[in-house]
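Everything numeric here is computed off the predicted structure, so don't read it as measured data. Order of listing sets the numbers, starting from 1, for every ligand and every atom in it. Throughout, numbering of the chain's residues begins at 1 and tracks the sequence.
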Amino acid sequence: MDNWHTSRTGKRAGKRVGFPRFRSKRHRLSCRFSTGSFGLSESDRRHVQLPRIGLVRTHESTRKLARHVERGTARIRSATVSLQRGRWHVSFSVEITKTEPTPATTGGEVGVDLGVKHLAVLSTGESIANPKHLDAAQRELRRWQRQAARRQGPDKRTKQKPSNRWRTTQARIAKLHTAVANARRDGLHKLSTRLVAEFDTVVVEDLHVAGMVRNRRLARAVSDVGMGELRRQLDYTTTWSGRQLVVADRGYPSSKTCNDCGAVTAKLRLSERTFTCDHCGYRTDRDLNAARNLADLTSSPSCGATKNEPAGNPHKTSPAGSGYRHGKTPTQRAGANAA
Ligand SMILES: [Zn+2]
C-alpha cells in the first residue's frame, strides 16, 4: 500500500506501482511453530524435531546450524514448515551471536564485468564461463510444455477447471525450473564467495537489469545469467566479511573507455568483441578492457593521474546507515578529484 501511495504522489522513483492485488493465503501451505519441542535432533544431523509431528528426516545435513547450537552461539526461536514447489521445507528463525571476523587483507582489488557471453570477466584476465543452465534445460522444458498444451488446462471464460493430468505436467515444469534456479544460484554463490575471499575490493557496474530484461532479444539470456542476483549476493557478502564493494555509476563508460590512454570511444557495438582505441590504437578483449577500467576506479591517484576523470565518481548504492560500507574513503576521493 505504501509503495502504491508513494508512487501515486510522485515520491517514489521508477516504474509506477499499482494498487495491491488480493492474494489468498489459503493455497500457500505453511505453518509456524514457536511453542512446544522443536529443533534439531540431538542424536544425528539428519533429523529435525517438530511439535506433534515428531522426528522428520531432512534431505540436507543440518551440520552448520547444529554446530552453532552445540557451541551455544545460536538459539532457535521458531520453526516454519512450508510446501514450496512440491517439496517440504523447514526453516528456523535463529538468534546468532556472531563474532566479527577480522578480514585478512589480500591487498587486491578486482573489476568484474558481467555479461551474457561470459558470466563474468575479471580484471585479472580470468573469465568465468556462462553455464547457461536454462539453455541446457530448454529441450526438456519444451517437451513438457508441449505435453501441457495437449492436456486440459484451466479456462477463465468457461470456468473450466484444470485436469489432474495437466497439473501433473505443470508440476514437472515447476520442478525443472526449480532445478535450473538452484543450479544458477549455486554457481553465483560460489563466484561471489570466491571474489570476496580473494580480493579486498570488488568493483562492479551498476547494471540496469530490469531494463535489459525488457529487451525481448536479451531477456532470456540476461535472466539466465542472474546478474542482479550476483550483485545482491556481493552486497551482503562484502558486508559480512568486511570487504568493500564499489559500484560504478550508471553513466560510467566502462566498456567505451580505453584502458591504456583513457580516451572514450564514441561508438562500440555490442557485437564488437574486441575493443580498439580510436586514439592510441590499443586493442584488447572488450570485456577485459571494461573489467580493467572498473578495477582502476579504486586504484591509487598516481596511476589515475594519467587517465581521464571518469564521467561519474564511483559510489555505493546501498541504503545509508544500514551497516554497509561506502564507496571511497575521503583520501581516495581527494586523490581522484586532483587527477
Ligand atoms: Zn587508447
Side-chain angles (χ1 to χ4, degrees), residues 106-130 191 195 198-209 211-212 215 217-218 221-222 225 227 230-231 234 243-317 326-339:
T106 51
E109 72 243 337
V110 68
V112 184
D113 181 75
L114 300 172
V116 173
K117 188 102 195 290
H118 299 280
L119 173 61
V121 175
L122 310 184
S123 55
T124 53
E126 189 189 344
S127 61
I128 290 115
N130 183 353
L191 175 62
L195 287 175
E198 286 175 18
F199 302 97
D200 277 352
T201 308
V202 183
V203 194
V204 289
E205 289 169 279
D206 188 12
L207 289 169
H208 186 35
V209 179
M212 288 191 280
N215 178 338
R217 280 156 186 262
L218 279 175
V222 169
V225 169
M227 296 180 210
L230 185 68
R231 164 74 192 285
L234 280 174
R243 304 296 204 212
Q244 197 181 32
L245 178 70
V246 175
V247 181
D249 257 1
R250 285 260 165 96
Y252 177 62
S254 61
S255 43
K256 286 180 192 168
T257 308
C258 172
N259 190 249
D260 202 37
C261 72
V264 179
T265 335
K267 255 192 176 173
L268 184 71
R269 281 228 221 79
L270 203 63
S271 56
E272 288 173 55
R273 302 311 309 170
T274 340
F275 174 88
T276 313
C277 180
D278 294 341
H279 190 70
C280 70
Y282 177 69
R283 278 173 71 91
T284 186
D285 176 71
R286 173 208 176 89
D287 298 329
L288 182 60
N289 180 58
R292 284 192 178 147
N293 282 329
L294 289 170
D296 285 353
L297 284 177
T298 58
S299 61
S300 60
S302 61
C303 200
T306 55
K307 299 216 163 81
N308 285 355
E309 173 75 359
N313 274 325
H315 70 289
K316 166 96 190 243
T317 50
H326 284 269
K328 282 194 159 188
T329 58
T331 46
Q332 276 178 318
R333 191 179 290 280
N337 288 344

Residue pair Phe275, Asp285: steps toward the side chain to side chain contact (heavy atoms under 4.5 Å, CB included) verdict: CA-CA 6 Å; Phe275 174 88; Asp285 176 71; over 6 Å; no

Metal-centred angle, the Zn ion (ligand 1) as apex - SG of Cys277, SG of Cys280, 10° resolution: 110°

Metal-centred angle, the Zn ion (ligand 1) as apex - SG of Cys258, SG of Cys261, 10° resolution: 110°

Residues Arg292, Asp113: salt bridge by 4.0 Å N-O rule: no

Salt-bridge present (Arg273, Asp287; N to O < 4.0 Å): yes

Side-chain donor-acceptor contacts of residues 120-129 below 3.5 Å, not counting sequence neighbours, with atom names and distances?
unit_1	atom_1	unit_2	atom_2	d
Ser123	OG	Gly111	N	2.9
Glu126	OE1	Arg194	NH2	2.8
Glu126	OE2	Arg194	NH1	3.2
Glu126	OE2	Arg194	NH2	3.3

Residue His279, metal the Zn ion (ligand 1), N/O/S under 2.8 Å: no

